[in-house]
Amino acid sequence: MGSLAAGVSNLKVHVPAASLISERSTARVSCFSDRIAVPSSSERIDCRLSYDLTNQNEFSGGLYPLRPVQRRKLVGQTFCSAGVCTLDGTTSEVYSQAAEERIGILLLNLGGPETLDDVQPFLFNLFADPDIIRLPRLFQFLQRPLAQLISFLRAPKSKEGYASIGGGSPLRQITDEQAHALKNALEAKRVHAKVYVGMRYWHPFTEDAVKQIKRDRITKLVVLPLYPQFSISTSGSSIRVLQTMFREDEYLATLPVSIIESWYQREGYVNSMASLIEKELQAFANPEEAMIFFSAHGVPVSYVEDAGDPYKEQMEECIGLIMNELRSRRIKNDHTLAYQSRVGPVEWLKPYTDKVIVELGQKGVKSLLVVPVSFVSEHIETLEEMDMEYKELALESGIKNWRRVPALGCKPEFISDLADAAIEALPLSKPMYSPKIAAQQNDPDVFRSALNILFGSFMAFFLLLGPKFISAFRGFLQ
């Protein structure tokens with residue numbers, strides 16, 4: 001779900017332009033721990049993956065044009081928080097694990113309620129995240145009271161959605177399976193590592209995973225968000241939590257860490273997505289007539305325009321890579337992109353999935369293959385929003401044949417490529433902070449914290465119980 005100036009306040013990403021044309025054709029990404037500053041558009045150009053669309057500068061069907069991007073072939077590159085990654089997805093040397101080295105791989109994901117009783121507290125955790133709801137600094141003390149109100153109001157509808165898919169999210173089980181598969185893939189590549197799962201908004205929380213990492217005395221850590229594209233509200237939010245924990249702990253502050261910020265451009269991911277699409281297309285009576293419909297989770301427009309979130313650019317580039325791979329397999333179906341799961345009154349990335357489905361029906365599209373491009377695991381947005389809500393809308397709009405590409409899950413090629421990404425990132429690991437910097441930044445403002453708790457408690461009482469007292473008082477007067 002969801003990204004932001006507050007949420008990106010600890011990590012500054014910048015790629016020197018010179019490194020893109022060096023003899024070894026490498027791209028360097030430096031990590032600065034004092035602030036997260038999203039690069040300006042001129043700086044961000046170095047962090048983009050560009051591709052040759054071969055006259056595919058617009059999504060087929062003429063619905064929604066893509067902005068042209070620089071034409072550089074960086075397929076296979078992984079964007080890491082520190083060090084050097086080669087452009088062709090290979091490392092300059094095979095990683096050799098020292099006997100005393102204890103390697104950890106931390107998988108980051110959103111999390112989801114496992115029972116209906118979990119829904120409201122899960123929603124509270126979600127909306128209490130300043131990377132999801134951005135408040136001006138003056139009103140940040142309202143974050144938790146506002147989250148309590150929103151989660152209370154949204155819980156009934158959300159419970160209906162989770163009830164329709166079995167009473168809870170399967171995300172934890174699937175992520176655990178991916179962790180087990182990744183550990184086996186690493187073992188097959190002669191890298192012995194412990195794989196941990198850290199969820200942002202539900203159990204097992206990222207904080208719990210980090211505590212276990214510390215207990216296991218891991219000596220080198222790779223952080224791998226299970227989001228192919230980077231957004232401040234997904235990978236960025238989880239990274240912010242890690243940075244806070246690492247800054248406040250002497251052991252963690254000096255632990256060598258490498259963070260894989262995005263991996264949508266890796267050949268294993270691109271090929272796996274193309275193979276799933278190719279397979280599902282063959283299930284249509286007339287495969288060549290099916291429209292390939294990429295549906296991605298949206299973010300508010302302000303995240304992209306004001307906070308510089310690279311998510312939209314990365315998403316468009318990702319789809320270009322997948323379609324290029326399909327073209328190489330002689331699959332020339334039309335395709336388009338839309339964004340789903342918008343909430344609230346603010347403007348989100350367009351076009352919206354539900355509106356595009358209606359438009360496609362009006363244009364005479366009869367076969368639609370939906371691709372969940374920002375998800376690698378089945379959860380509420382694929383099983384309920386796509387499979388139920390959007391399917392029903394499509395049939396009502398005149399689309400006769402509907403199919404959805406399954407999430408990648410534990411597909412062997414996909415898991416093997418994640419293992420390769422982790423191995424490539426290992427030599428790039430370095431501490432997030434020095435002990436001196438950690439000590440300087442770990443100086444809590446007790447007075448401000450107490451004041452925030454006081455005001456927060458008052459506003460929670462006012463927002464949640466105020467309307468009931470007003471209603472009761474009116475009844476008494478009558």
Side-chain angles (χ1 to χ4, degrees), residues 1-4 6-8 10 106-135 140 142-159 161-163 165 167-176 178-179 196-212 223-245 297-300 303 309 311 340-344 374-385 407 456 460:
M1 285 210 180
S3 180
L4 7 264
V8 288
N10 300 321
L106 175 58
L107 300 182
L108 299 177
N109 212 335
L110 185 79
E114 297 176 65
T115 69
L116 296 183
D117 290 338
D118 298 337
V119 171
Q120 187 169 334
F122 165 77
L123 291 176
F124 170 79
N125 293 336
L126 176 69
F127 293 116
D129 183 357
D131 290 339
I132 299 299
I133 295 182
R134 302 170 62 197
L135 295 177
Q140 286 179 359
L142 293 174
Q143 189 83 47
R144 293 176 68 84
L146 187 60
Q148 289 176 334
L149 177 62
I150 296 174
S151 60
F152 174 77
L153 296 175
R154 289 184 61 87
K157 184 177 180 180
S158 294
K159 285 183 178 180
Y162 283 105
I165 63 170
S169 172
L171 191 59
R172 177 175 183 175
Q173 178 183 343
I174 295 172
T175 307
D176 285 343
Q178 290 170 326
Y196 305 87
V197 171
M199 300 294 193
R200 181 66 180 89
Y201 305 115
W202 203 242
H203 304 282
F205 290 109
T206 303
E207 294 85 344
D208 297 329
V210 171
K211 290 176 183 177
Q212 187 60 51
V223 178
L224 177 54
L226 289 176
Y227 310 104
Q229 306 83 15
F230 180 89
S231 174
I232 311 167
S233 60
T234 52
S235 301
S237 176
S238 292
I239 291 170
R240 177 177 59 81
V241 170
L242 288 176
Q243 290 171 328
T244 299
M245 294 188 70
H297 194 289
V299 297
Y303 292 7
D309 195 327
Y311 177 73
Q340 66 181 82
S341 308
R342 68 186 187 277
V343 294
S374 54
F375 313 114
V376 299
S377 305
E378 303 290 358
H379 63 304
I380 187 73
E381 292 175 16
T382 59
L383 299 173
E384 194 271 338
E385 192 171 8

(message) Among residues at least two apart in sequence or on other chains, which ones pass side chain to side chain contact (heavy atoms under 4.5 Å, CB included) with Ser374?
(response) Gln229, Ala296, His297, Tyr311, Met315
(message) So, using salt bridge (charged side-chain N to carboxylate O under 4.0 Å, His left out) as the criterion, who are the partners of Arg144 when residues are at least two apart?
(response) none
(request) Applying side chain to side chain donor-acceptor pair (under 3.5 Å), name anything that partners Gln340, two or more places apart in sequence or on another chain. (result) Ser295, Glu385
(request) Scan residues 199-208 for pairs that pass salt bridge (Lys or Arg N to Asp or Glu O under 4.0 Å), counting only residues two or more places apart or in two chains. (result) Asp129-Arg200
(request) Report the residue from Val119, Leu123, Leu126, Leu146 that forms a side-chain contact (heavy atoms from CB on, under 4.5 Å) with Ser151. (result) Leu123
(request) Just jot down the side chain to side chain donor-acceptor pair (under 3.5 Å) partners of Ser169, sequence neighbours excluded, or say none. (result) none
(request) For residues 224-234, pull every pair meeting salt bridge (Lys or Arg N to Asp or Glu O under 4.0 Å), keeping only residues two or more places apart or in separate chains. (result) none
(request) For Phe375, check ring-ring contact (aromatic ring centres under 6.0 Å, His included) against everything at least two apart and list the hits. (result) His379
(message) Under the rule for ring-ring contact (aromatic ring centres under 6.0 Å, His included), what residues qualify as partners of Phe205, not counting sequence neighbours?
(response) His203
(message) So, using side chain to side chain contact (heavy atoms under 4.5 Å, CB included) as the criterion, who are the partners of Gln173 when residues are at least two apart?
(response) Glu177
(request) State which residues pass salt bridge (charged side-chain N to carboxylate O under 4.0 Å, His left out) with Glu378; sequence neighbours excluded, sorted by chain then number. (result) Arg404
(message) Using modelled atom types and a 3.5 Å cut-off, is there a donor and acceptor pairing between side-chain atoms of Ser237 and backbone atoms of Thr234?
(response) no
(request) Could you list the residues that satisfy side chain to side chain donor-acceptor pair (under 3.5 Å) with Asn109, not counting sequence neighbours? (result) Thr175
(message) Listing request: all side chain to side chain donor-acceptor pair (under 3.5 Å) pairs with a residue in residues 112-128, at least two apart in sequence or in separate chains.
(response) Glu114-Arg172, Thr115-Asp118
